[in-house]
Amino acid sequence: MSFSQKVLNWYKEHKRELPWRSTRDPYKIWLSEIILQQTRVVQGTPYYFKFIEAFPTVQDLAAAPEEKVLKLWQGLGYYSRARNLHATAKMVVKDFGGEFPNSYEGLKQLKGVGDYTASAIASICFDIPEPVVDGNVYRVLSRYFGVELPINSTKGTKYFKELAREVMDTKNIRDYNQGIMEFGAIQCAPKKPYCLLCPLNDGCAALNENRVKSLPVKLGKTKLKHRYFNYLVLVDANQNTLIEQRKGKGIWQNLYQFPLVETGSIADHDTMVKELQQKPYGKNLESLVLFNEEPIVHKLSHQHLHTQFWILKPSEKIKDGISWDQIGSFAVPVLIADFIRTFKI
DNA sequence: AACTCGGGGAC
DNA sequence: GTCCCAGAGTT
């Protein structure tokens, strides 16, 4: 039996019933694929339901303000996905009459839709024989065919895409593509796959050569940066506070946060007093109190954010502030959301 | 080709 | 602590 036929048989037997598996609606498939980029199914699924409920159609999504899209996306990470999601919805409505492109090349031109996602939508919605190559597929192919090229190298990326194209089932591309990803997620798992009862074990190069543990090969990660954040939590006599929107490049673009002072190391009280001289509200303070004695270390992929929250009581009322109970309506990073949850005025 | 961009779960 | 997740975009 062929590789692809074994994958298809396994999939038929073991596939999970997922909410986007029962439709060919390009809007729903596209939404699910964007949500699931670098995201586990269990983490993304609640967001899929939230978005479908808030925006049943691409027109609804396109008509929404970006802030509402970001608020719904809050907690899922990689927020450029949400911004691109919204931009693409607007483009589909404005330029394409509300219809998604029905070709691989057309789909790839959408913001946030790259090689993988274009192949996924094309195959799942339109039965176009394009192979998907996600993290699961890299793992399955590298093990079964014993490929040692790094999956995140230029040569590796090209090689695996060609290999995936050679072994795919063009007649059942919709099920095959989802099948090989599901197989990688459940059977050919990253750690301790149960090869003993794997239906592909006899032809698996990695298993036969005892290389399962060392495949796939991946190039080294870039190293960690440490940053020191000091958030200024203003609370005036009216229970108003100040927030601002992150602009420009970097993390959390377009999300909200408290005014931020970034320092080169952990800041003490004196340092903050000096820093505050530069702020319009920082010169006349009734009090400046550090909320968390031990810095909170918020961990991102490539950065650790050592964070202190400073509670400021200004002598005068804040202008351009918001009342504290409005704060929940803004999209904020998890770091800020966690603080808001624990801090009671 | 290397870097950036989040958060969470499994181990 | 480490690794990885239905990757894409920028430099």
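Just so it is clear, the structure is predicted and the values come from calculations on it, not from any experiment. Numbers restart at 1 for each chain; the letters A, B, ... are given by sequence-line order, proteins then strands.
Note that CD1 of A/Ile186 and NE2 of A/His14 are 8.5 Å apart. Values are rounded to the nearest 0.5 Å.
Using a 4.0 Å heavy-atom distance criterion, A/Val137 is classed as making no nucleic acid contact. Among the atoms of the strands shown, none is found under 4.0 Å from any heavy atom of A/Ser153. At a threshold of 4.0 angstrom between heavy atoms, the contacts of A/Ser301 include nucleobase atoms, whether or not backbone atoms are also involved. Within 4.0 Å of A/Gln303, counting heavy atoms only, lie sugar-phosphate atoms of the nucleic acid but no base atom. Within 4.0 Å of A/Trp20, counting heavy atoms only, lies at least one base atom of the nucleic acid. The residue A/Gly44 sits apart from the nucleic acid: no heavy atom pair falls under 4.0 Å. Within the nucleic acid shown, A/Leu76 comes within 4.0 Å of at least one base atom, counting heavy atoms only. Residue-level contact check: A/Gly75 touches the backbone only, with heavy atoms under 4.0 Å from sugar-phosphate atoms and none from bases. Contact annotation for A/Val41: backbone-only contact, meaning every heavy-atom pair under 4.0 Å involves sugar-phosphate atoms and none involves a base. Among the atoms of the strands shown, none is found under 4.0 Å from any heavy atom of A/Asn177. A/Leu335 comes within contact range of no nucleotide atom at all, as no heavy-atom separation falls under 4.0 Å.
Between A/Val42 and A/Gly112, the residue anchored nearer the 5' end of DNA chain C, judged by the nucleotide with its closest heavy atom, is A/Val42. Along DNA chain B, the nucleotide nearest to A/Lys225 and the one nearest to A/Asp338 differ in position, and the one closer to the 5' end is contacted by A/Lys225. Each of A/Val332 and A/Lys191 was matched to the nucleotide of DNA chain B holding its nearest heavy atom; the match closer to the 5' end belongs to A/Val332. The 5' end of DNA chain C is approached more closely, in terms of each residue's nearest nucleotide, by A/Asp134 than by the other of A/Lys108 and A/Asp134.
Note: NZ (A/Lys299) to C1' (C/dC4) measures 16 Å, nearest angstrom. If you measure from atom CG of A/Leu107 to atom P of C/dA8, you get 12 Å, rounded to the nearest angstrom. For A/Leu36 and C/dG7, the CG to C1' distance is 11 Å, given to the nearest whole Å. Atom CG in A/Asp115 sits about 10 Å away from atom C1' in C/dA8, given to the nearest Å. Separating the CG atom of A/Leu85 from the P atom of C/dG9 is a distance of 12 Å, rounded to the nearest angstrom. Computed from coordinates, the A/Tyr78 OH to C/dC4 P distance equals 13 Å when rounded to whole Å. Whole-Å rounding puts the A/Ile35 CD1 to C/dC5 P distance at 19 Å. Per the geometry, NZ belonging to A/Lys161 stands 13 Å off P belonging to C/dG7, to the nearest Å.
Between C/dG7 and A/Gln37, no contact under 4.0 Å exists linking OP1 or OP2 to a side-chain N or O. At B/dG7, one or more side-chain N or O atoms of A/His298 fall inside 4.0 Å of OP1 or OP2 (strictly under the cut-off). Dashed line: the shortest gap from a side-chain N or O of A/Tyr138 to OP1 or OP2 of C/dC5 is not under 4.0 Å. Neither OP1 nor OP2 of B/dA10 sits under 4.0 Å from any side-chain N or O of A/Arg40. Dashed line: the shortest gap from a side-chain N or O of A/Trp73 to OP1 or OP2 of B/dC5 is not under 4.0 Å. At the phosphate of C/dT11, OP1 or OP2 sits under 4.0 Å from a side-chain N or O atom of A/Lys249.
Under the 3.5 Å distance criterion, with hydrogens and angles disregarded, a donor-acceptor pair is assigned to the side chains of A/Asn9 and A/Gln5.
Of the candidates C/dA8, B/dC11, C/dC4, the closest approach to any side-chain atom of A/Lys192 belongs to B/dC11. The side chain of A/Leu300 approaches B/dG6 more closely than any other nucleotide in the set B/dC5, C/dA6, B/dG6. Looking at the side chain of A/His302, the nearest of the listed nucleotides B/dG7, B/dC5, B/dC11 is B/dC5. Residue A/Lys218 has its side chain nearest to C/dC4 when only B/dG6, C/dC4, B/dG7 are considered. Closest contact between the side chain of A/Gln43 and the listed nucleotides B/dG7, C/dA6, C/dG7 involves B/dG7.
In terms of heavy-atom proximity, A/Pro19 sits nearest to A/Thr45 at CG-CG2, 4.1 Å.
At a cut-off of 3.5 angstrom, the base of C/dA6 holds at least one donor-acceptor pair with the side chain of A/Arg21. No hydrogens or angles were tested; on distance alone, a donor-acceptor pair under 3.5 Å links the side chain of A/Thr39 to the base of B/dG6. With hydrogens and angles left out, the side chain of A/Arg81 and the base of B/dC5 share no donor-acceptor pair within 3.5 Å.
Panel note: side chain A/Thr88, backbone A/Leu85; no donor-acceptor pair is recorded below 3.5 Å. Counting only distance, with no hydrogens or angles, the side chain of A/Asp169 and the backbone of A/Asn172 share a donor-acceptor pair below 3.5 Å.
Using C1' as the reference atom, B/dG8 and C/dG9 are 23 Å apart when rounded to the nearest Å. If you take atom C1' in B/dG6 and the same atom in C/dC4, they sit 13 Å apart, rounded to whole Å. Using atom P as the reference point in both B/dC11 and C/dA6, the two lie 14 Å apart (nearest Å).
Hydrophobic cluster membership differs between A/Met181 and A/Val41, with clusters built from Ile, Leu, Val, Met, Phe, Trp and Tyr side chains linked at under 4.5 angstrom.
Each of A/Tyr231, A/Phe291, A/Phe229 was compared with A/Phe339 under the ring-ring contact (aromatic ring centres under 6.0 Å, His included) criterion, and only A/Phe291 meets it. With A/Glu182 as the partner, the side chain to side chain donor-acceptor pair (under 3.5 Å) test is satisfied by one option alone out of A/Gln187, A/Lys15, A/Arg16: A/Arg16.
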